[in-house]
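A short write-up of the structure that comes next.
Indexing begins at 1, ligand by ligand and atom by atom, following the structure's order. Since the model is a prediction, treat every value here as computed from it, not as a measurement.
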Amino acid sequence: LCMVDKFEMVLSPDELRSKLPEWPYFVIDLYHWDRHTQKEKGKICLQVSQSYGLLRDYFTGRELAVTWANDEFKSMFHGPLDRITTYDGPTSEFLRENGIDEVVLLDPWAEEVLSEKDFGVKAFIIGGIVDTGGNKKKTTPKIGEELERAGVKVRRRKIVLRGDVVGVPDRINRILGIILKMMVEGKSMDEAVYELQ
Ligand code: SAM
């Protein structure tokens, strides 16, 4: 963090990025887009915008990638489309084009808890899913299965508060915020979750 602070004083985000180890992509995967109502789709777009805002605080914003980004998403999204990375095809293809063969999938149904050991991967995948109707239970693991079918190695990881997923906010941007607090600020998972609640 000290290193980041020092660079931030004098360097632009792009210059800062070039001085630091390669930063990962944070991918919001819209595989389940069509299962959402129009209102829910609007919420996804808002959470993607908020995710961009968060990432820009730490990095450049380009690290935010949205996959399966179709025309409807692009027309509904009010954030800066030209400053994020959008990919209109499958996540696995986006990863392949970027030479990434292993990812962390943030998944509340995972067995294993996210830890520092996972921070070396080149991409974190968050499901572009909003739950209001309660009809999308266990949709995140499906994203993992789809990636594995395409040959991507998937580490499914959950975020917990004092050992339990109950109490962890499940909004896309909150999940991203928790990861960033842990990775960049070196906070513990419990601290990060409390700060994002
Ligand atoms: N209904 C989905 C399910 O049952 O799998 C959950 C969707 S949640 C609103 C949106 C995304 O946030 C998930 O796809 C996942 O990537 C992430 N997420 C939410 N809670 C999480 C947790 N406790 N641990 C890890 N990831 C989580």
Numbered in order shown, the ligand 1 atoms found under 4.0 Å of a heavy atom of Lys137 are 4 (O)
So, is Arg157 polar-close to ligand 1, with some N/O to N/O distance under 3.5 Å?
-> no
Please check if any side-chain donor atom of Glu72 sits under 3.5 Å from a side-chain acceptor atom of Ser75, or the reverse.
-> no
Ignoring hydrogens and angles, state whether a donor on the side chain of Tyr58 or Glu63 is under 3.5 Å from an acceptor on the partner side chain.
-> no
What are the atoms of ligand 1, with element, lying closer than 4.0 Å to any heavy atom of Ile129?
-> 7 (C), 9 (C), 10 (C), 14 (O)
Atoms of ligand 1, numbered as shown, that sit under 4.0 Å from any heavy atom of Trp109 = 3 (C), 4 (O), 5 (O)
Assign the ring pair Phe94 / Tyr25 to parallel, tilted or perpendicular, where the plane angle (0 to 90°) is split at 30° and 60°.
-> perpendicular
Looking only at protein heavy atoms, what sits closest to atom 12 (O) of ligand 1 is Asp170 O, 3.6 Å
Ring geometry between Tyr31 and Trp68 (parallel below 30°, tilted from 30 to 60°, perpendicular above 60°) = tilted
Arg171 and Gln50: side-chain donor and acceptor closer than 3.5 Å?
-> yes
Got the closest protein heavy atom to atom 24 (N) of ligand 1, with its distance?
-> Ile159 N, 2.9 Å
Which atoms from ligand 1 have a heavy atom of Lys158 less than 4.0 Å away?
-> 24 (N), 25 (C)
The atoms of ligand 1 lying under 4.0 Å from a heavy atom of Val168, numbered in the order shown, are 23 (N)
Is the shortest N/O to N/O distance between Val165 and ligand 1 below 3.5 Å?
-> no
What residue and heavy atom of the protein are closest to atom 6 (C) of ligand 1, and at what distance?
-> Asp131 OD2, 3.4 Å
In the protein, what heavy atom is nearest to atom 5 (O) of ligand 1, and what distance, to one decimal place, separates them?
-> Thr140 OG1, 2.6 Å
Side chain, backbone, both or neither: which part of Ile126 has a heavy atom under 4.0 Å from ligand 1?
-> both
Do Leu46 and Met76 sit in the same hydrophobic cluster, where Ile, Leu, Val, Met, Phe, Trp and Tyr count as joined when their side-chain heavy atoms come under 4.5 Å apart?
-> no
For atom 17 (C) of ligand 1, grab the closest protein heavy atom and report residue, atom and distance to one decimal in Å.
-> Ile175 CG1, 3.8 Å
Option among Ile179, Ile178, Val184 that satisfies the side chain to side chain contact (heavy atoms under 4.5 Å, CB included) test with Met182 = Ile178
For Lys136, the ligand 1 atoms with a heavy-atom partner under 4.0 Å come out as 1 (N), 2 (C), 3 (C), 4 (O)
Any idea which protein heavy atom is nearest atom 11 (C) of ligand 1, and the distance to it?
-> Gly127 O, 3.4 Å
Does the side chain of Thr91 pick up a donor-acceptor pair with the side chain of Asp29 at under 3.5 Å?
-> yes
Give the residue, atom name and distance (to 0.1 Å) of the protein heavy atom nearest atom 16 (O) of ligand 1.
-> Leu106 O, 2.6 Å
Within 45° cone of Trp109 ring axis and under 6.0 Å: Lys138 NZ or CZ | yes
